[in-house]
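Nothing fancy with the numbering, it's 1 onward along the sequence.
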Amino acid sequence: MSTTMTAHPATATRVRTGGPQEDGPKILEHVMGWVLVAVVAMFVTQLGLL
């Protein structure tokens, strides 16, 4: 029994999965990332895990 594999062309349309967009504002993404880090750090210290 043989299996055949087909190669998809690299120029096929890609389906968006809801990830970060390439044309978005990078500074907003960095700021929101650091806000998330600060919030997680506050939760960790309030729960006494550190």
Visitor: In the hydrophobic cluster built from side-chain contacts under 4.5 Å, what are the other members alongside W34?
Guide: V37
Visitor: Under a single-linkage rule joining Ile, Leu, Val, Met, Phe, Trp and Tyr whose side-chain heavy atoms are separated by less than 4.5 Å, which residues share a cluster with V35?
Guide: I27, V31, V39, M42, F43
Visitor: For L28, which fellow cluster members are found when Ile, Leu, Val, Met, Phe, Trp and Tyr are connected by side-chain heavy-atom distances below 4.5 angstrom, either directly or through intermediates?
Guide: M32
